[in-house]
Amino acid sequence: MRTIDQKASPSEREAALPDAPATPWYRRPSLVPWAWAAAFCLLYATVAVRRHLLLRTTGYDLGIFEQAVRAYAELRAPVAPLRGEDFNLLGDHFHPLLATLAPLYRLWPSPLTLLVAQSALLALGAVPLVRWARRAVGPRGAHVVAVGYGLSWGIASAAAFDFHEIALAVPLLAFSLEALGRRRWRTAVAWAAPLLLVKEDLGLTLAAVGAYIAFKGRTDSGGRTDERARTLGLVTSAAGLLGSFLEIKVLIPAFGPTGGYAHGGQLAVAHGSLLDALAHAPLDLLRPDTKATTLILVLAPSALLALRSPLALIALPTLAWRMASENAFHWGTAFHYSAILMPVVFAGLLDVLGRETNPRNVRAALATVLAVTVVLLPSFPLAQLAQRATWHTTPHLDAARALLARIPDGATVAASNRLVPQLTSRCTVVVFPTFPVEGRLYEHQRAGLPRPTAEWIVHDSEAPESWPYRPGHWPYPLEQQQAELTAAVGKYGYTLVARRDGITLLRRAAR
């Protein structure tokens with residue numbers, strides 16, 4: 001045991017003290033957010049990969065995005081044959097940041113690359129939120145926030161449905177929101193600026209970030225006027241608005257085959273005149289009831305407390321275009337549309353709780369967050385892990401894999417929607433029967449379909465597992481698909497190669 005000389009200097013006495021036991025690396029506070037992110041990544045990837053192995057992923061949308069990323073990996077323009085002949089996907093949505101996934105795809109050319117990457121990106125959004133939570137509500141509260149975000153329905157719905165570019169935006173916005181919470185305005189803008197390269201509507205979200213900075217940053221923490229922060233916010237807002245305008249009006253039409261913005265029609269005026277549209281707008285944003293339900297569920301993971309934070313205003317652009325859309329898919333809780341809202345909701349929660357002075361109120365809020373998470377969990381896709389069918393391989397799956405294996409690499413294939421992503425990494429694939437027709441995505445033409453030209457046709461007559469779609473066949477009723485299959489043999493020179501368990505494999509006869 002070392003003795004300490006009382007006449008020694010403070011630095012000498014400190015050096016003579018016994019060494020404190022080292023904290024194990026796995027208990028370091030800085031690693032807690034990353035540990036949660038790793039756990040969530042594993043959870044999401046398990047759901048996504050199992051869905052793919054069970055033929056539950058789709059050509060629309062996993063196959064389309066894989067074709068684009070595969071093209072980037074091969075140093076080509078992101079042409080997606082599933083969207084039409086020579087269709088550059090930048091003419092559909094503006095998402096050049098997808099190219100960052102190309103190196104990963106080059107190493108592992110598989111749709112699973114996109115699914116695992118998406119899982120990691122969604123999970124990464126937990127890191128800044130949990131880090132912020134440790135400061136705002138303490139270590140135990142941070143665990144509650146982690147569970148609330150990681151198991152939230154918006155993230156779960158995105159993780160369990162194919163791949164979408166919005167996954168790239170989730171961690172960018174989450175890190176930006178953390179910086180906003182710490183009044184680090186430049187850092188917040190640096191994280192949010194790449195949103196312009198993720199999707200054309202996210203320039204509006206960037207503008208909302210700028211508006212927040214202009215409002216909250218006009219005075220510093222000491223109450224003094226901060227013109228630099230205010231200017232930064234105004235410039236950021238202008239850049240976001242201008243960026244979205246240029247992408248929608250200039251860049252997307254330049255890349256697209258029609259010279260326009262195909263999705264703009266979903267925001268078409270539903271009433272006879274502009275005045276009628278403005279008069280009905282407030283009610284139209286809440287009709288039908290699905291919209292109101294979604295708005296409540298968006299805020300529910302925060303126990304509705306996010307409404308008390310100005311950060312919640314950053315969710316307005318996404319909510320506004322979704323509720324104003326004429327596409328019913330945008331109104332509900334399925335698909336990937338709400339993933340970008342979850343970081344905003346939990347940032348609003350942390351902003352409110354960080355200003356709460358009564359510990360009892362904080363504990364009650366966190367208990368409510370945890371309760372809401374548990375109550376909603378069985379209704380959304382992560383619950384699939386508890387279903388026996390998720391872990392069960394059927395004879396139908398074995399038949400599908402056996403027949404798909406007979407199609408050679410590099411072939412051109414027309415395949416049923418659920419079979420498409422099983423082939424897009426090694427073949428050139430379109431949907432059977434032909435879809436879209438002449439690039440018209442939202443017109444399900446049921447007469448006069450073009451003749452098939454692919455070398456192979458593979459068709460599945462079994463009604464697939466449908467979440468998040470309604471049960472049934474897509475894009476045409478089974479009867480029409482069967483008629484097109486018969487015509488391929490009777491009129492267009494295809495021969496039957498094999499038929500097994502409702503799956504038919506045809507090959508075009510050599511000319």
Side-chain angles (χ1 to χ4, degrees), residues 93-97 100 124-125 127-129 131-133 135-136 165-166 168-252 261 302 305-322 324 340-355:
H93 289 297
F94 192 74
H95 39 49
L97 206 63
T100 58
L124 186 58
V127 171
L129 295 173
R131 195 161 56 194
W132 184 356
R135 298 190 302 269
E165 74 283 87
I166 204 68
L168 294 161
V170 170
L172 291 173
L173 185 56
F175 279 100
S176 179
L177 289 163
E178 182 200 24
L180 291 177
R182 304 189 74 176
R183 300 180 66 87
R184 294 181 177 177
W185 310 130
R186 292 184 180 180
T187 302
V189 172
W191 279 111
L195 294 175
L196 278 170
L197 304 179
V198 176
K199 197 163 174 273
E200 64 278 1
D201 66 278
L202 290 177
L204 304 180
T205 301
L206 175 61
V209 170
Y212 179 89
I213 294 172
F215 174 71
K216 295 291 286 187
R218 57 188 172 174
T219 57
D220 61 20
S221 56
R224 297 177 294 271
T225 301
D226 190 346
E227 285 297 332
R228 289 187 299 178
R230 184 171 179 273
T231 300
L232 175 65
L234 294 175
V235 170
T236 300
S237 286
L241 294 173
L242 180 61
S244 281
F245 177 82
L246 291 176
E247 289 171 1
I248 292 171
K249 292 294 186 180
V250 179
L251 294 177
I252 291 177
Y261 181 49
S302 71
L305 289 177
L307 279 172
R308 294 172 50 191
S309 169
L311 284 172
L313 296 175
I314 294 174
L316 279 182
T318 297
L319 288 172
W321 74 254
R322 285 179 59 188
I340 194 70
L341 301 175
M342 294 298 103
V344 180
V345 167
F346 279 92
L349 170 69
L350 292 171
D351 179 42
V352 171
L353 294 185
R355 292 184 272 108

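Throughout, numbering of the chain's residues begins at 1 and tracks the sequence. As the structure is a prediction and not an experimental result, all values here were calculated from the model.
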- Item | Listed partners of Arg131 passing side chain to side chain donor-acceptor pair (under 3.5 Å), at least two apart |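 By the side chain to side chain donor-acceptor pair (under 3.5 Å) rule, Arg131 matches Glu178.
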
- Message: Has Ser237 got a side-chain atom pairing as donor or acceptor with Leu234's backbone, closer than 3.5 angstrom?
- Response: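 No, because the side chain of Ser237 does not come within donor-acceptor range (under 3.5 Å) of the backbone of Leu234.
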
- Between the side chain of Glu200 and the main-chain N/O of Phe94, is any donor-acceptor distance below 3.5 Å?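 Yes.
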
Is the shortest side-chain heavy-atom distance between [X] and [Y] below 4.5 Å?
| X | Y | value |
| --- | --- | --- |
| Pro310 | Asp351 | yes |
| Leu196 | Leu97 | no |
| Ser176 | Val209 | yes |
| Arg182 | Arg135 | yes |
| Leu311 | Leu180 | yes |
| Leu124 | Phe175 | yes |
| Pro343 | Val170 | yes |
| Arg355 | Val352 | yes |

Working to the nearest 0.5 Å, report the span between [atom1] of [X] and [atom2] of [Y].
| X | Y | atom1 | atom2 | result |
| --- | --- | --- | --- | --- |
| Lys199 | Thr205 | NZ | OG1 | 9.5 Å |
| Phe346 | Leu305 | CZ | CG | 11.0 Å |
| Ile314 | Thr318 | CD1 | OG1 | 10.5 Å |
| Glu247 | Asp201 | CD | CG | 9.5 Å |
| Leu353 | Arg308 | CG | CZ | 8.0 Å |

- Message: As a test of understanding, state which of Leu168, Ile166, Leu173 forms a side chain to side chain contact (heavy atoms under 4.5 Å, CB included) with Leu202.
- Response: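 Of Leu168, Ile166, Leu173, side chain to side chain contact (heavy atoms under 4.5 Å, CB included) with Leu202 is met by Ile166 alone.
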
Could you pull out the closest heavy-atom pair between [X] and [Y], with the gap in Å?
| X | Y | answer |
| --- | --- | --- |
| Leu195 | Ala169 | CD2-CB, 3.6 Å |
| Leu349 | Ser302 | CD1-O, 3.7 Å |
| Ala306 | Ala312 | O-CB, 3.3 Å |
| Pro194 | Leu172 | CB-CD1, 3.8 Å |
| Ala174 | Gly125 | CB-O, 3.6 Å |
| Trp185 | Ala229 | CD1-CB, 3.4 Å |

- Query: Between Tyr261 and His93, how do the two ring planes meet: parallel, tilted or perpendicular, split at 30° and 60°?
  - Reply: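 Perpendicular.
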
- Query: Can you list the steps and then say if Glu165 with Val198 is a side-chain contact (heavy atoms from CB on, under 4.5 Å)?
  - Reply: CA-CA 6 Å; Glu165 74 283 87; Val198 176; 4.3 Å; yes

- Message: Show, in sequence, the C-alpha distance, side-chain angles and deciding distance for Leu232 and Arg186, and conclude whether the side-chain contact (heavy atoms from CB on, under 4.5 Å) test is met.
- Response: CA-CA 8 Å; Leu232 175 65; Arg186 292 184 180 180; 3.9 Å; yes

